[in-house]
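Scroll down for the structure; my scribbles are underneath it.
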Amino acid sequence: MNPLWSKLPPVHEIDRALARRGLAQGLEVRDLVGELLAQLRQSPPLLETLDRAGLLDWICTQVAAQAGGQRPVINGTGTVVHTNLGRSIFDRELLAKLPELFSGYTNLEYDLDKGQRGQRVGGAEKLICRLTGAEAALFVNNNASALLLCLQAFGQGKEVLLSRGEMVEIGGSFRIPEMLEASGARLKEIGTTNKTHLKDYQKAIGPETSMVLKVHRSNFKITGFTSEVPRKDLIALAAERGLVYLEDLGSGALEPLELGGGAAEPGFSSILAQGAELVTASGDKLLGGPQAGIILGTKARIDRLKEHPLYRCLRCDKITLFLLEQTLLSYARGAWEKIPTQRMLREPAQAVLDRAQQVLQACPARNLELVPTQATPGGGALAEESFGSYALWVKLPGVSEEELHLAFRSLKTPVVGRVKEGKYLIDLKAVTNEQLPTLVQAIQSVLAGPSVGDP
Ligand SMILES: *Cc1c(COP(=O)(O)O)cnc(C)c1O
């Protein structure tokens, strides 16, 4: 046995240290601790440099970072719909309705009037049709599923026209051309990256063509010498040539969103009003609801999708349907404050400043500086647009901004800020009022020095 191994803290001491920090101690944590101890036995440098307390500390930090599944995180990035932090968040009062409804059975597919199997409850579908003017609606797992279903139902084995300027890749594994391929449709590239004309589409239409696809350029902008075909011309062309018109709206604003910079995110209604037959979007981006794919369109097109066998594989579960319905109900009532994503997007900078000042007052002033920032909507909406916000610049002599970034991420309730121009910033735009006390504790704990009494 390696003599250094005697420095390893015994399990009961580790348990006590974990308990002191309020860290969970289930079976998974026990397994994780076992792995960490094995890792330490293989790592002489760590064993040589750290004393027993240091080793305990190292183990606790690793457990805090790795144990369990999802846990609360404070979003100090200034990006409201943060794709890596769970996108849209929910109102507490809405979540409070879940236990009563879902700890029992529901009328999901039961006709209470007739006493027999019925249609899946369609509250959310009716609401979104009323709010957008769509003839019909369908909900699936996410926007990627929505696209897959539409492409497979109307484009399989046929050609789909798409501008070269709209062949986007969105975070991770989502690329429009690959999506098309997976659906069995054949991509026909139109125009060039910067310029696409109506005549390019007209020339490309052949006997195999089934669909005109338009995709929102979620995360980039094409500027300079550019031109694209106006939506209404594309819609008219599709109608004239008997093709399906499908638009992937991406972020899915129910109402047009403008940040003051001139650019606006179009709402569903305006696109449907121009005659778009099928429009898809995400439920958890600008809409502010649960993860879902929203498909709006004409009754004839939506009916075809409902009958497609793939729909059965992609449909939403009852909790998602309920959360969607409730989110849409808040839209119908104009109750933005019940939809956190919308509340944050609409909130004036002054409200962010108030939150920043509350935190400032509770923390050591010499380590914090209030700085104006630009926050972004995120979720692929209005790329390159931003709104005025405020952040706290955390300064600790001798500690770099990257070290601060890591220290805040290592807390029991991690704070994810951002580093900009050598400064570690915690933006208050996407921090809720309820989270302020936890944020104050987090800042105090990091300023008190590494690894001392994590909140
Ligand atoms: C985000 C996005 C998607 C993917 O949506 P998910 O809901 O994540 O599946 C597809 N298309 C565009 C244009 C997007 O912005």
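The structure presented is a predicted model; accordingly, all values stated were derived computationally and were not measured. Residue indices begin at 1 and follow the sequence shown. When a ligand or atom number is given, it counts from 1 through the structure's own listing order.
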Salt bridge (Lys or Arg N to Asp or Glu O under 4.0 Å), paired with K214, selected from E277, E228, E247: E228

Minimum heavy-atom distance V81-T341, with the two atoms named: CG2-CG2, 3.6 Å

Interatomic spacing from CG in L249 to CG in L287 - rounded to 0.5 Å: 11.5 Å

Residue from E169, E181, E166 passing salt bridge (Lys or Arg N to Asp or Glu O under 4.0 Å) with R175: E169

ring-ring contact (aromatic ring centres under 6.0 Å, His included) evaluation trace for Y105 with Y110: CA-CA 11 Å; Y105 300 95; Y110 186 80; over 10 Å; no

Contacting atoms of ligand 1, where contact means under 4.0 angstrom from a heavy atom of D248: 10 (C), 11 (N), 12 (C), 13 (C)

R87 neighbourhood, listing ligand 1 atoms whose heavy-atom distance to it stays under 4.0 Å: 6 (P), 7 (O), 8 (O)

Region of K285 that comes within reach of ligand 1 [heavy atoms, distance under 4.0 Å]: side chain

Nitrogen or oxygen of S282 less than 3.5 angstrom from that of ligand 1: yes

Subset of ligand 1 atoms that lie under 4.0 Å from at least one heavy atom of H216: 13 (C)

Closest approach of K429 to A375 (non-hydrogen atoms, all atoms of both residues): CG-CB, 3.7 Å

Nearest-neighbour protein heavy atom for atom 4 (C) of ligand 1, which is reported as residue plus atom name and distance: N143 CB, 4.0 Å

Protein contact of atom 9 (O) of ligand 1 - nearest heavy atom, named by residue and atom, plus distance: A144 N, 2.8 Å

Minimum-distance protein heavy atom relative to atom 15 (O) of ligand 1: S218 OG, 2.4 Å

Heavy-atom pair with the smallest gap, counting every atom of E337 and R343: O-NH1, 3.5 Å

Heteroatom distance test (D284, ligand 1): nitrogen or oxygen, under 3.5 angstrom: no

